[in-house]
Amino acid sequence: ASGQFQVSARFDKGVLEYAKDWPRIDNIVGELTFERDRMEIVGRSGSILGAQLSNVRVSMPTLRGPERHVLVSGQADGPNAEFLRFLQASPLRETGAGFTGGMKADGRGKLRLKLDLPLAELAKTRVSGEYEFAANSVTVLPWLPSVAAASGRVTFGETGFTLHDVRGRFLGGGLGVSGGTRAGRGVEILARGDASVEAAQTLFDHPLREHLSGTFGYFVTVRTQDGAARVTFESPLRGVESSLPAPLAKSAADSLPLRVEVNPTAGGERDRVSISLGVLARAELQRRRQGENMETQRTAVWLNPGKEPIRLPERPGTLVYGSLEDFDFDRWSPFLGGNADANPEAPPVSLELKFGSLETFGKRLSNVALRASAEPAGWSANLDADELAGDVSYRARPQPRVIARLSRFTVPAEVAGKPKSEARPSDYPAIDLVAEEFTFRGKPLGRVELVASRAGDEWRIERAAMVNPDASLTG
């Protein structure tokens with residue numbers, strides 16, 4: 001006698017663990033069929049990690065021999081967060097999906113998935129999947145704003161994933177994203193878009209931003225390997241207008257290339273931020289994780305930089321060094337105004353600068369070399385210029401006071417064509433000046449001492465003295 005072996009059964013709330021390390025399928029409602037040496041499960045519905053499945057098929061074309069394969073296919077409709085959980089919970093996390101570890105997403109999408117799992121060699125599993133999403137909000141990195149109205153398609157396999165026609169809104173403008181897994185290079189994501197200065201406040205929230213306006217195009221590259229994301233931002237800043245004084249004055253038509261790189265180290269516990277602004281300046285920040293935030297430990301700013309590596313301060317704080325041909329301190333002072341109530345624990349700032357010409361208080365100093373350190377209580381500096389040489393310090397409390405001890409001082413020439421200062425005596429700090437060699441209008445006056453302070457809207461001279469070989473005067 002001959003016959004055909006066939007068994008069928010209906011079931012609900014079924015659970016299928018089809019292969020080790022892959023998320024199981026729960027709450028299956030469907031039919032199980034054994035026919036000859038073949039097994040098939042046809043599920044009308046089910047779920048993976050909470051995402052609802054439909055048209056689920058699990059089959060084994062043959063139950064005999066070493067070449068047994070489990071074939072899985074299905075569709076899912078559910079929250080994006082569940083799709084990200086699926087990637088992280090599957091072996092796909094080792095082939096590029098690890099990039100999604102810090103991602104967050106709001107909204108829904110549709111998943112189509114096919115798996116071919118050779119039971120004797122699961123390492124040779126073949127994966128083919130596609131995920132479509134629309135009108136989503138996606139956060140790629142915790143410190144970046146979310147991408148709004150995100151839509152597109154992601155295809156993935158056992159070796160990685162690829163982005164297709166991904167678009168959204170970011171920093172007030174349109175954004176297009178491409179990329180995916182690159183052989184031997186981890187994940188590489190490329191983004192190109194437009195942004196407004198106003199919307200970029202979340203990334204650059206600094207008082208100087210109030211003097212910038214306009215829109216700009218940019219290009220971002222995100223590369224991840226071994227779980228670390230390296231981010232590069234580039235923009236010509238064409239379209240941005242700056243009302244700041246030189247050298248940062250800029251019209252919207254001008255180009256001033258900006259490049260920012262964020263390079264994580266120590267497993268993401270530390271990072272290095274490198275910034276370049278045309279040929280004007282380079283900067284570098286070393287940061288360390290403090291809870292959820294990255295706190296800056298050391299900062300260096302190099303004006304008119306060369307090609308060698310930037311020099312960071314030896315201790316926590318900020319170092320500004322380099323040179324400028326011209327610098328108008330009078331025009332910059334409103335933007336650099338000190339704060340007597342500044343945080344007393346703020347890290348110190350050190351300056352090592354050279355100026356061909358420095359304009360201050362309506363006067364011009366030439367060939368200036370400046371070494372200074374600043375802290376919340378004030379600052380101290382050593383100056384060497386054609387007109388003067390010596391030490392100058394400033395203290396904000398108990399009242400603003402400048403203390404100068406100079407080996408020589410020639411009253412600088414006034415800047416031609418510059419409006420007279422409208423400052424009142426009460427706008428200036430008290431002064432304590434000693435100059436060993438004081439020159440006024442080409443005439444050497446010898447040693448000069450002057451102590452003066454504000455008295456309401458008046459200026460009170462507390463001490464004045466002049467000593468030279470011809471005479472002496474004290475008052």
For this session: Determine which pairs satisfy side-chain hydrogen bond (donor to acceptor under 3.5 Å, both in side chains) with at least one residue from residues 255-265, sequence neighbours left out, and list them in order.
Result: Glu234-Arg259, Arg259-Glu261
Problem set entry | Nearest heavy atoms of Leu171 and Pro145, plus distance in Å | CD2-CG, 4.0 Å
Problem set entry | Val154 vs Phe133 side-chain heavy atoms within contact, under 4.5 Å | yes
Seminar exercise, completed: d(Leu237 CG, Leu277 CG) to nearest 0.5 Å is 7.0 Å
For this session: May I ask you to decide whether Glu414 forms a salt bridge with Lys363, counting only side-chain N to carboxylate O separations under 4.0 Å?
Result: yes
Exercise. Has Gln290 got more than 12 heavy atoms of other residues, nucleotides or ligands less than 6.0 Å from its CD?
Worked result: yes
Problem set entry | Test item: Arg408 side-chain N/O and Asp386 main-chain N/O as donor-acceptor pair under 3.5 Å | yes
Exercise. More than 12 heavy atoms of other residues, nucleotides or ligands under 6.0 Å from CD of Glu198: is that the case?
Worked result: no
Problem set entry | Residue pair Val434 / Arg447, side-chain heavy-atom distance below 4.5 Å | yes
Exercise. Of the non-hydrogen atoms in Ala381 and Ala372, which two are nearest, and what is the gap between them?
Worked result: CB-CB, 3.5 Å
Problem set entry | Closest contact, heavy atoms only, Arg282 versus Glu308 | NH1-O, 3.2 Å
Exercise. Does Arg397 use its side chain to pair, donor to acceptor, with the backbone of Pro400 at less than 3.5 Å?
Worked result: no
Seminar exercise, completed: d(Thr299 OG1, Gln286 CD) to nearest 0.5 Å is 9.0 Å
For this session: Measure the spacing between CZ of Arg289 and CD of Glu295 and express it to the nearest 0.5 Å.
Result: 11.0 Å
Exercise. Do the rings of Trp302 and Tyr321 sit parallel, tilted or perpendicular, given the 30° and 60° boundaries?
Worked result: parallel
Exercise. Does Ser137 reach the main-chain N or O of Ala148 with its side chain, forming a donor-acceptor pair under 3.5 Å?
Worked result: no
Exercise. Going through the checks in order, is the side-chain contact (heavy atoms from CB on, under 4.5 Å) test met by Thr296 and Thr318?
Worked result: CA-CA 10 Å; Thr296 300; Thr318 298; over 6 Å; no
Exercise. Is it true that atom CZ of Arg192 has more than 12 heavy atoms of other residues, nucleotides or ligands lying nearer than 6.0 Å?
Worked result: no
Exercise. Excluding sequence neighbours, so at least two apart, what forms side-chain hydrogen bond (donor to acceptor under 3.5 Å, both in side chains) with Tyr131?
Worked result: Asn80
Problem set entry | Interatomic distance, Ser146 atom OG to Phe170 atom CZ [nearest 0.5 angstrom] | 8.5 Å
For this session: Give the intermediate values and the outcome of side-chain contact (heavy atoms from CB on, under 4.5 Å) for residues Leu190 and Phe219.
Result: CA-CA 7 Å; Leu190 308 176; Phe219 186 81; 4.2 Å; yes
Seminar exercise, completed: Contacts of Asp194 meeting side-chain hydrogen bond (donor to acceptor under 3.5 Å, both in side chains) (sequence neighbours excluded), chain-then-number -> none
Exercise. More than 12 non-hydrogen atoms from neighbouring residues, nucleotides or ligands closer than 6.0 Å to CZ on Arg315, yes or no?
Worked result: no
Exercise. Does the side chain of Leu256 reach to within under 4.5 Å of the side chain of Val240, using non-hydrogen atoms?
Worked result: no
Exercise. If we only count heavy atoms from C-beta on, is the Glu437 to Leu406 side-chain gap below 4.5 Å?
Worked result: no
Problem set entry | Nearest non-hydrogen partners of Val197 and Phe216, listed with the distance | N-CE2, 4.1 Å
Exercise. Does Asp271 come within less than 4.0 Å of Arg287, counting only side-chain N to carboxylate O?
Worked result: yes
Exercise. Between Phe156 and Leu111, does a side-chain contact (heavy atoms from CB on, under 4.5 Å) hold up when you go through it step by step?
Worked result: CA-CA 11 Å; Phe156 58 91; Leu111 170 68; 3.7 Å; yes
For this session: Using side chain to side chain contact (heavy atoms under 4.5 Å, CB included) as the criterion, list what pairs up with Ser243, not counting sequence neighbours.
Result: His211
Exercise. Are Lys110 and Glu132 within salt-bridge range, i.e. N to O under 4.0 Å?
Worked result: no
Exercise. Under 3.5 Å, side chain of Arg298 to main-chain N/O of Glu314, donor-acceptor pair present?
Worked result: yes
Problem set entry | Under 3.5 Å: donor-acceptor pair, side chain of Trp332, backbone of Ala246 | yes
Seminar exercise, completed: Taken in chain and number order and not counting sequence neighbours, the residues that satisfy side-chain hydrogen bond (donor to acceptor under 3.5 Å, both in side chains) with Arg371 are none
For this session: Verify, without hydrogens or angle tests, whether Asn468 (side chain) and Leu445 (backbone) share a donor-acceptor contact under 3.5 angstrom.
Result: yes
Problem set entry | Nearest atoms (heavy-atom pairs only) where Gly172 meets Ala199 | N-CB, 3.6 Å
For this session: Rounded to the nearest 0.5 Å, what's the gap from CD1 on Ile275 to CZ on Phe233? Could you check?
Result: 11.0 Å
Exercise. Do Ser242 and Leu212 have side-chain heavy atoms sitting under 4.5 Å apart?
Worked result: yes
Exercise. Between Leu175 and Tyr218, is any pair of side-chain heavy atoms under 4.5 Å apart?
Worked result: yes
Exercise. When rounded to the nearest 0.5 angstrom, what distance separates CG in Asp106 from OG1 in Thr139?
Worked result: 7.5 Å
Exercise. Do you know which two heavy atoms are closest between Val368 and Ala385, and how far apart they sit?
Worked result: CG2-CB, 3.8 Å
What pairs of donor and acceptor atoms, side-chain ones from residues 348-358 against any protein atom, are under 3.5 angstrom apart with sequence neighbours left out?
| residue | atom | partner | partner atom | Å |
| --- | --- | --- | --- | --- |
| Glu352 | OE1 | Arg311 | NH2 | 3.0 |
| Ser357 | OG | Arg364 | NE | 3.3 |

Exercise. Does any non-hydrogen side-chain atom of Pro429 lie less than 4.5 Å from one of Arg401?
Worked result: no
Exercise. Are any non-hydrogen side-chain atoms of Asp77 and Arg108 less than 4.5 angstrom apart?
Worked result: yes
For this session: For Thr360 and Phe327, run side-chain contact (heavy atoms from CB on, under 4.5 Å): C-alpha distance rounded to whole Å, both residues' side-chain angles, the deciding distance at 0.1 Å, then the answer.
Result: CA-CA 9 Å; Thr360 180; Phe327 188 73; over 6 Å; no
Problem set entry | Presence of salt bridge, Arg153 and Asp165, under 4.0 angstrom | no
